[in-house]
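Positions are given from 1, in the same order as the sequence printed here.
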Amino acid sequence: QVQLVESGGGLVQPGGSLRLSCVASGSIFSSDDMGWYRQAPGKQRELVATIAFGGRTTYADSVKGRFTVSRDIRNTVFLQMNSLKPDDTAVYYCNVKAIRRGFQFEYWGQGTQVTVSS
């Protein structure tokens with residue numbers, strides 16, 4: 001089992017910045033993929049950014065050049081969000097994808113609200 005706890009959400013004006021953090025505990029390994037998804041009201045959950053073992057990153061086109069995903073050696077994943085736009089308003093979820101004994105397991109955090117508004 002993996003437990004995920006997010007923090008860092010809040011209200012910010014357009015053009016501002018926020019940094020989200022997600023602490024992973026339990027049976028997590030450095031080889032597990034970690035990342036962030038978001039879900040806006042009335043929309044499906046979508047990928048924001050992921051970081052794989054070795055540091056390979058992927059980003060949604062809508063956040064490229066504005067958001068940066070990173071992780072530390074203690075399995076905390078971060079999402080630095082700059083130049084925020086009202087369209088970035090959503091609940092942001094931390095995600096871990098783990099392979100154990102040949103099976104893929106997926107874990108989610110409880111979510112943290114990000115609101116971009118003047």
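A cation-pi contact, defined as under 6.0 Å to the ring centre and within 45° of the axis, links Arg45 to Tyr93.
The closest side-chain heavy-atom distance from Asn95 to Tyr107 is not below 4.5 Å. Put simply, the side chain of Pro86 does not reach to within 4.5 Å of the side chain of Ser117, judged on heavy atoms. Side-chain contact between Thr89 and Val116 is present, with heavy atoms from C-beta onward closer than 4.5 Å. With contacts defined as side-chain heavy-atom distances shorter than 4.5 Å, the pair Ile51/Asp33 does not qualify. In this structure the side chain of Ser70 never reaches within 4.5 angstrom of the side chain of Gln80, judged on heavy atoms. Using a 4.5 Å heavy-atom threshold, the side chains of Leu18 and Leu84 count as touching.
Exactly one of Glu106, Gln3, Met34 qualifies for a side-chain contact (heavy atoms from CB on, under 4.5 Å) with Val96. That residue is Met34.
Aromatic pair Trp108/Tyr37: ring centres closer than 6.0 Å.
Within the 3.5 Å criterion, the main-chain N or O of Gln110 finds a donor-acceptor partner in the side chain of Glu6.
In this structure, Val48 is not a member of the same hydrophobic cluster as Val23, with clusters built from ILVMFWY side-chain heavy atoms closer than 4.5 Å. Follow the hydrophobic side-chain contacts under 4.5 Å out from Tyr59 and you reach Tyr92 in the same cluster. Under the 4.5 Å side-chain contact rule for hydrophobic residues, Phe105 and Val2 share a cluster.
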Exercise for the section: Could you check Arg71 against Asp32 for salt bridge (charged side-chain N to carboxylate O under 4.0 Å, His left out), going step by step and ending with a plain yes or no? Expected result: CA-CA 11 Å; Arg71 66 191 286 179; Asp32 296 336; over 6 Å; no
Practice task
List the steps and the verdict of side-chain contact (heavy atoms from CB on, under 4.5 Å) for Phe78 and Asp72.
Solution key: CA-CA 8 Å; Phe78 305 95; Asp72 67 14; 4.0 Å; yes
Exercise for the section: I would like to know whether Leu79 and Thr68 meet side-chain contact (heavy atoms from CB on, under 4.5 Å); could you show each step before the answer? Expected result: CA-CA 6 Å; Leu79 185 67; Thr68 302; over 6 Å; no
Practice task
Apply the test side-chain contact (heavy atoms from CB on, under 4.5 Å) to residues Arg38 and Asp88: give CA-CA distance (whole Å), side-chain angles for both, the deciding distance (0.1 Å), then the verdict.
Solution key: CA-CA 9 Å; Arg38 67 186 180 187; Asp88 295 318; 3.0 Å; yes
Practice task
Would you please test Phe67 and Leu20 for side-chain contact (heavy atoms from CB on, under 4.5 Å) and show each step?
Solution key: CA-CA 11 Å; Phe67 290 12; Leu20 305 184; over 6 Å; no
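Nearest heavy atoms, Leu4 versus Cys94: CD1-O, 3.7 Å.
Remark: Arg100 CZ is packed, more than 12 non-hydrogen atoms of other residues, nucleotides or ligands lying under 6.0 Å away. Within a 6.0 Å sphere centred on CD of Gln1, other residues, nucleotides and ligands contribute 12 heavy atoms or fewer.
Atom CG of Asn75 sits about 4.5 Å away from atom CD1 of Ile28, to the nearest 0.5 Å. Put simply, OG on Ser30 and CD1 on Ile73 are 10.0 Å apart, with the number rounded to the nearest 0.5 Å.
A donor-acceptor contact under 3.5 angstrom links the side chains of Ser17 and Asn82, judged on distance only.
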